[in-house]
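Encoded as structure tokens, the structure appears first; notes follow it.
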Amino acid sequence: MKRYDPKTIEPKWQAVWDETKLYAAADDNDPREKYYYLVEFPYPSGEGLHVGHVLSYTALDIMARHKRMQGYNVLYPMGFDEFGLPTENYAIKHKIAPQAATETNVQNYIRQLKSLGLSFDWDRMVRTSDPDYYKWTQWIFLQLYKAGLAYQDEIAINWCPLEKTGLANEEVVDGKHERCGTPVEKKLLKQWLLKITAYADRLIEDLGTVDYLDRISAQQINWIGKSEGAEIEFRLDGMSGDMSGDRSVTVYTTRPDTVFGATFIVVSPELAKSWIEAGWKASAEVAAYITKAINTSELERQEEKTKTGVDTGIQAIHPLSGKPVPVWVADYVLGSYGTGAIMAVPAHDARDNEFARKFELPVVPVIEPVTGTPQEDPEFRRSIVAVVRNPKTGEFLTVKWVPSGGGHYGFIGGGRDGDEDIIECAKREILEETGYKNIEYKSQTLRIHHHYYAHSKKVARQIEVFGVYFDLIDDERVEPKLEPDEVGQFEVQWLSQDEVEHHITEPLHRYVYDLYVHGRIYTGDGPLLQSGEFDGLNGDRARHAIISALVKKGVGRGATKYKLRDWVFSRQHYWGEPIPIVHCSKCGAVPVPEDQLPVELPKVEHYEPTDTGESPLAAITDWVNTACPQCDGKALRETDTMPNWAGSSWYYLRYMDAHNPQAFASAKSLEYWAQVDLYNGGMEHTTLHLLYSRFWHKFLFDQGLVPTSEPYAARRSHGMILGPDGAKMSKSKGNVINPDHVVEKYGADTIRLYEMFMGPFDEQKAWSEEHLSGVSRFIYRVWTLAQDLIEAPSQPIIAEVDGDQGAFELEVDRLGHKTLKKVHEDIGAMHFNTAVSALMEYVNFLNTPTTRARLLQAESTQVRERTVRLLVLMVAPFTPHLAEELWRDLGEEASVHAAAWPAYDPELIKDDLVEIAIQVNGKLRGAIVVAADATEDEVKDAAAAEPKVAKWLAEGKIVKTIVVPRRLVNFVVN
RNA sequence: GCGGAUGUGGUGGAAUGGUAGACACGCUAGCCUUAGGAGCUAGUGGGGGAAACCCCGUGAAGGUUCAAGUCCUUUCAUCCGCACCA
């Protein structure tokens, strides 16, 4: 038999596929239905391909091959995202041109990608540092500029002191540069910005039109951070100095319904500073605080454990109540969000509460708490919840209900008549239920609204509850006086704080407890109180009513805020796309005319960034000095370059028509390929590349330049592959797996199949060479089995096996088609691990000695042939080289990857006989085999007759029988 | 704190509300042999039992259901993202 030798067959077929352009997508005249799979193109670093790339690329490779075999015109392209700082740093260090370093790395990547047998259409390769490509990146920038979406502003931006470059908000993680970990500084620089904020709403809303993984949509929504609320003006009083104009402060809140609970105002140090600049004479203490706060970085501010702040002495007049409230300055309020000032509602906001406690400011509750889940048609009741604490032991008095009464723990509770005193009611319930008579009242809660469903009585209830707190004085008890229906339903128990927190889970009781012990503050919606004419209004209705009242008085309005900031688009570096703008002393900033694009990156000697915030390009005088396109006068080129996210913001469009010199892609190609059908990439790009490219695409759509409003119909993300030690792979930990070594040792088909088999595609998982060897064995078994079956006619028959040939063939065909269905559906659902499992089961079956011997017999010639062909076709997307070799061994001239994907025969999926599980009272007691088309009664009778089952049925009377066709029978007996 | 996810054997993981643990790794025993990191056979969730078989079991506590890993409520733990964002 031919040996399985991946080292020979893999390069052989890779070369053939390459030469024949087997995987090239047809152009936009093709009548077939199109399908566009996209994986994130790599940044060609010196390290080469990562096993994570292999996971992502193989998964979509399998899907692409599967779709191609089904007759789709599949586009599965690859390219390189070449601009970026690592290459520039490498170039500086080794004194070679970034262009040359990139070229070397790209060639290495291409070699690696090809060695994995990935079916990319290499004819459409795009490279972002190719002037023919970045010409269009610059062109799109100019369109943004003309539309007013690219603008220059002198702002304090995030600056990485190590890489000496400005950063976008999205590139700052925990106050550090996401790539190099250097703490970010603020630097005032004239910057180019892109107005992504203009698209904030649509970037959220249109997520409803695409199929993204939930966590991706959620993360984008979170990042954009839209919040709806109100801006409210507070008139200021007692401000010394000569500030001009109206003296008032505008706060932003998402909770206008809590406005009557605003007991003080807090302004950010930044806002306070602007007041000083406008003439406010702050006291020395206040001024010192402001200065200190502003000079503390945001990172340090966050690390500060307790809240700091200072009273300004200014009073603000509450716009609805007319009462004065003090104005404080504190650095927990940010200058960069909202209006830079807040109304503090310490009763209903945790941060304000902390601040109020520290500085002893008043806390006024204005919302009645609501617990539980509202039900339909509730019955109304009044009640109390009594929490009794034994101060000596720290234990709490609870009752544990018997299982039929719910089985859970709770505090003492009970109904209250309309006019009954709350404390007396609580004492009465404690006495009646537990017999404890000597207790001391401590405090009680506000009215709480609780909703629940009383299962025992089958009724929905809405109750008005007061929590009442007591301390136990002594152990003296009398006999409890229980209602007849309460007798024996519960037992009294004292629980420690820890036990209470573990066992008492019912929302109302838990809230009452948390309020008492942990001082939990209520931040949810609920009916208003102490809010004048608005008392009783709830949630949105309360918010709308209060906003209307504010609008009427001219002191407020509904307002929407976002966390998303405009995209800082300038980088003070060499290795990026030059921004195609010329600065003329007469005309100002002038766009480079489109016919002069691309503005090519000049070749230079030195790439070092400067300390001045100026790009190294500024030193290349014969490039910088140019003529103004408008007045032909002396002008200077813009020396900032674009961020590395620019080229990747539209690359998927270039693949559609990769070599078009007239346009970034022709209208016809854009129309044909329309949208990426499935895009896979890393979670780390969710709020960077993915958001940026959606923004660019929407802009192009608005300009009528692309036919769809979203670039990607679906977005998925592969889970991270961890090192064998379960830690994230890193050079410093020495746990990096190099795909080259795996390919060298086991072959491309093995690493491909292993990565698919590791676990669910989108979950993180650790590399394991032991598990890999299992996959390697499987591939070896497939090879041996297939070769055996192919060579069968020339093999001596070892043993004749008796039995019905027809039944045997049916069994083989049935499992084959069941496997085919499973593999087919699992590929579509990206459940690659279970698809591989199904293939393993199938091969295990074919490999059982009797099956295998029988397949080798002369009379099995036909079934043997169709079986081996089916097997080869099914594994083709997963292990393309193995499949190709076997396919040719079967005598085929054409590639298996151009063969048609077989359709499963629905008739063969059905079994004649099915096994039925038999349960008695839900417990498995036996199983029978019946005809698949047996009637319910037949199944029932056969099940009841099964001896193992009959034994259990004899214990009582059958009161109910559930039959699930083809699955199980459940007898309910009592 | 907010948002998202995940908790199942010794390990990676399977299970449209319907026989929990497929498939694979590892382990145990045996076979075979051109001695290998090879192949084959059997076994492998826990407990009891000679066996038939019985009991328990999907982080925890409840609930719904004839039936719950799966649905609901609460809770604990871990991971990820955001974060004094009002």
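All values derive from a computational prediction rather than experimental measurement. Below, chain A is the first sequence line, B the second, and so on; all start at residue 1.
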Who is the Watson-Crick or G-U wobble partner of [N], with both distances under 3.5 Å?
N      : result
B:rC79 : B:rG4
B:rC71 : B:rG63
B:rA29 : B:rU41
B:rG9  : none
B:rA51 : none

Is [X] near enough to [N] that one of its side-chain N or O atoms lies under 4.0 angstrom from OP1 or OP2?
X      : N      : result
A:K948 : B:rC53 : yes
A:K765 : B:rG12 : no
A:S227 : B:rA86 : yes
A:Y332 : B:rA86 : no

Practice prompt. Can you tell me which residue pairs pass the ring pair (Phe, Tyr, Trp, His ring centres under 6.0 Å) test with a partner in residues 826-851 of chain A, sequence neighbours excluded?
Written response: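 Qualifying pairs: A:F761-A:F832.
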Under-3.5 Å N/O pairs linking protein and nucleotides 22-33 of chain B:
residue: B:rA22; atom: O2'; partner: A:E841; partner atom: OE1; Å: 3.4
residue: B:rA22; atom: O2'; partner: A:E841; partner atom: OE2; Å: 3.3
residue: B:rA22; atom: N1; partner: A:S837; partner atom: OG; Å: 3.4
residue: B:rA24; atom: OP1; partner: A:N844; partner atom: ND2; Å: 2.8
residue: B:rC25; atom: OP1; partner: A:R777; partner atom: NH1; Å: 3.1

Backbone N/O of [Y] and side chain of [X]: donor-acceptor pair under 3.5 Å:
X      : Y      : value
A:T254 : A:G229 : no
A:E755 : A:L55  : yes
A:S268 : A:A341 : no

Worksheet item: Is it the case that A:K307 places NZ or CZ above or below the six-membered ring of A:F355, under 6.0 angstrom from the centre and within 45 degrees of the axis?
Response: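 Relative to the ring axis of A:F355, which defines the angle, A:K307 lies outside at least one limit.
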Worksheet entry | Axial cation check for A:Y337 ring with A:K563, 6.0 Å and 45° limits |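 Judged by the rule (NZ or CZ under 6.0 Å from the ring centre, within 45° of its axis), A:K563 is not positioned above A:Y337.
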If only side-chain N and O atoms count, and only distance matters, is there a donor-acceptor pair under 3.5 Å linking [Y] with [X]?
X      : Y      : answer
A:S227 : A:Y562 : no
A:D749 : A:Y754 : no
A:T848 : A:T851 : yes

Worksheet item: Considering heavy-atom distances to RNA chain B, does A:A766 or A:K822 have its closest nucleotide positioned more toward the 5' end?
Response: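 First, find each residue's nearest nucleotide; the 5'-ward one identifies A:A766.
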Worksheet item: Parallel, tilted or perpendicular for A:Y4 and A:W783, by the 30°/60° rule?
Response: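 Ring orientation of A:Y4 relative to A:W783: tilted.
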Discussion item. Side chain of A:W952 only, heavy atoms from C-beta on: which candidate in B:rC54, B:rG18, B:rA86 is closest?
Written reply: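 Closest of the options to the side chain of A:W952: B:rC54.
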Fill in: C1' spacing across the pair B:rU28 / B:rC76, given as an integer number of angstrom
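Going atom to atom, C1' in each nucleotide, I get 37 Å.
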Using a cut-off of 4.0 Å on non-hydrogen atoms, how would the nucleic acid contact of [X] be classed: base, sugar-phosphate, or nothing?
X      : value
A:A927 : nothing
A:V964 : base
A:R925 : sugar-phosphate

Worksheet item: Is any N or O donor-acceptor pair between the side chain of A:N970 and the base of B:rC66 shorter than 3.5 Å?
Response: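 Flag set: donor-acceptor pair detected.
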Practice prompt. Kindly indicate whether the side chain of A:K307 and the base of B:rC84 share any N or O donor-acceptor pair separated by less than 3.5 Å?
Written response: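 Counting by modelled atom types and ignoring angles, a donor-acceptor contact under 3.5 Å is found here.
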Discussion item. For B:rG9, does the O4'-C1'-N9-C4 or O4'-C1'-N1-C2 angle fall within 90° of 0, making it syn, or is it anti?
Written reply: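 Nucleotide B:rG9 adopts syn.
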Any N/O pairs under 3.5 Å between the protein and nucleotides 46-51 of chain B? List them or say none.
none

